[in-house]
Amino acid sequence: MTAGHGRIHMRALLGHPLLWAVLCGLAALRLLGTNVDFAGFLLCLIAGWLVAHAVVRGLMALRSPGLSFGLHVGVAAAAAAALFLLTRGVIPGAVDASVTAALSFSAVPAAGWIWLTLIGRVSGLVRADSARRTARLVSPDWTRTNDVWELRLPAVALRLSTYRGVVGILFAVAAGVLSVFVVVFSDVAMRMSPLMIVVVLGWLIGLPIYGAILLIARARTVEVLVRVTRGRLVIERTTEEKTDATRVVDLAFGEVRALRWAARDAPTRVEVRPVAGSGVVLLFGLARRPAGMAATLPALPTGLRRRLEEAGLSARASRGGDPRGLSGRDADLLLTRDASASARSLTPVGERDRQAPSAR
């Protein structure tokens, strides 16, 4: 195993949610029952969500959609049963009180997240079935002219730092709202089951927030052209008149540190991370799409993926599968480069926009 592979495995380990769930749980056990037990309560909520996130990610990684959905239903039922048993005090009295409290607190967001993702899958199946009856959905597809690959699609273009900041803020708001509700409305919360708390807050607060985000994303939707030549990756944002274009990304293959092609990982998106400078994310799943267009991305063509790999990018499945086994529209792919192999620096995206002439 080379040093580059060792660093990749280390990054994968540090980014795995189960590792952070264990760390949060151990820290919560030390804090519960002390003067700062509220911090322990928050860590329990985070640990429970991380465990549920890891479980859902594993279920979504299964190749068989039917098996994945069936197991998801079974896990959701088991989570609901576990919550019911915890409310009945089935944990033996010999177990330490801190452990009992940690299990009870962490089970709430874990079960809630599993059920919310299951509801999302069911609603997605219903919407997809309805759309198939009304129109034959088509996905944007690649076109090739000589050595140039092009993909035109509607998307919301954001800097990668902005996208991650928004996700972090939403998670913090969700955790804060849940904490405030449990503390301020403790009398009401005590009369509600943990699952009911999550469902009520999701409908009353989560749904309006999601609706607002969807409206903002659709208002910021633009037409984007992804062009890959023999040695460069170019992403252009066109205007409504389609006469001018603003170059968002213009990188040589050697300047690309990572390319994530998330065709099914919500939200459907494309992430480009350069060796130096700010990355860019194209949100396709939240964008306003023409009637009859599916919210799926086409897989990277085999020839195009081979070209990127020859430039030094190594492919692996973004959900932990074997990239050589990925095929069709459902391929979630992550192409990464060993940091030590990237020597050239990049001109910032904003500087490139000022230097590049308008495309006509």
Side-chain angles (χ1 to χ4, degrees), residues 14-58 60 75-76 79-80 82-83 86-87 98-120 158 160-214 216-217 265-267 283 286:
L14 293 177
H16 201 283
L18 284 181
L19 172 64
W20 295 102
V22 171
L23 294 178
C24 289
L26 293 176
L29 290 176
R30 300 294 300 271
L31 296 176
L32 290 174
T34 65
N35 294 330
V36 289
D37 56 354
F38 183 72
F41 165 73
L42 293 180
L43 288 174
C44 288
L45 297 181
I46 296 174
W49 178 84
L50 288 171
V51 171
H53 177 65
V55 171
V56 172
R57 189 171 70 170
M60 296 292 289
V75 171
L83 274 180
L86 285 173
T87 58
S98 298
V99 176
T100 303
L103 290 176
S104 301
F105 291 147
S106 59
V108 176
W113 184 252
I114 291 173
W115 271 95
L116 287 177
T117 53
L118 177 61
I119 293 172
L158 296 173
L160 192 55
S161 58
T162 303
Y163 170 71
R164 290 174 174 173
V166 171
V167 172
I169 292 173
L170 290 177
F171 176 75
V173 169
V177 168
L178 180 59
S179 302
V180 170
F181 179 82
V182 172
V183 174
V184 176
F185 302 99
S186 57
D187 293 339
V188 178
M190 291 296 293
R191 290 192 293 267
M192 298 173 64
S193 65
L195 181 60
M196 182 61 67
I197 293 176
V198 175
V199 172
V200 170
L201 292 180
W203 279 99
L204 296 181
I205 299 176
L207 192 60
I209 292 178
Y210 174 76
I213 293 174
L214 193 61
I216 295 173
D265 187 9
L283 298 175
L286 297 178

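Residue numbers run from 1 in the order of the sequence given. Worth saying up front: this structure is predicted, and the values here are computed from it rather than measured.
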message: Using every non-hydrogen atom in the two residues, find where Gly25 and Ala47 come nearest and quote the distance to one decimal.
response: N-CB, 4.0 Å
- prompt: Excluding sequence neighbours, so at least two apart, what forms side chain to side chain contact (heavy atoms under 4.5 Å, CB included) with Leu18?
  reply: His16, Val51, Ala54
Would you tabulate the side-chain donor-acceptor contacts of residues 107-118 under 3.5 Å, counting partners in other chains and residues two or more places apart, or write 'none'?
| residue | atom | partner | partner atom | Å |
| --- | --- | --- | --- | --- |
| Trp115 | NE1 | Ala76 | O | 2.9 |
| Thr117 | OG1 | His72 | NE2 | 3.2 |
| Thr117 | OG1 | Trp113 | O | 2.9 |
| Thr117 | OG1 | Ile114 | O | 2.8 |

Identify each donor-acceptor pair in which a side-chain atom of residues 161-173 lies under 3.5 Å from a protein atom, sequence neighbours left out, and give them as a table.
none

field: Atom pair CD1 (Ile46) and OG (Ser106), whose distance is rounded to the nearest 0.5 Å
entry: 12.0 Å
field: Spacing of CZ belonging to Phe105 relative to CG belonging to Leu42, to within rounding of 0.5 Å
entry: 10.5 Å
message: Test of understanding: with side chain to side chain contact (heavy atoms under 4.5 Å, CB included), list the residues that count as partners of Leu214, not counting sequence neighbours.
response: Tyr210, Arg218, Leu286
- prompt: How many angstroms lie between CG in Leu43 and CG in Leu50, if you round to the nearest 0.5 Å?
  reply: 10.5 Å
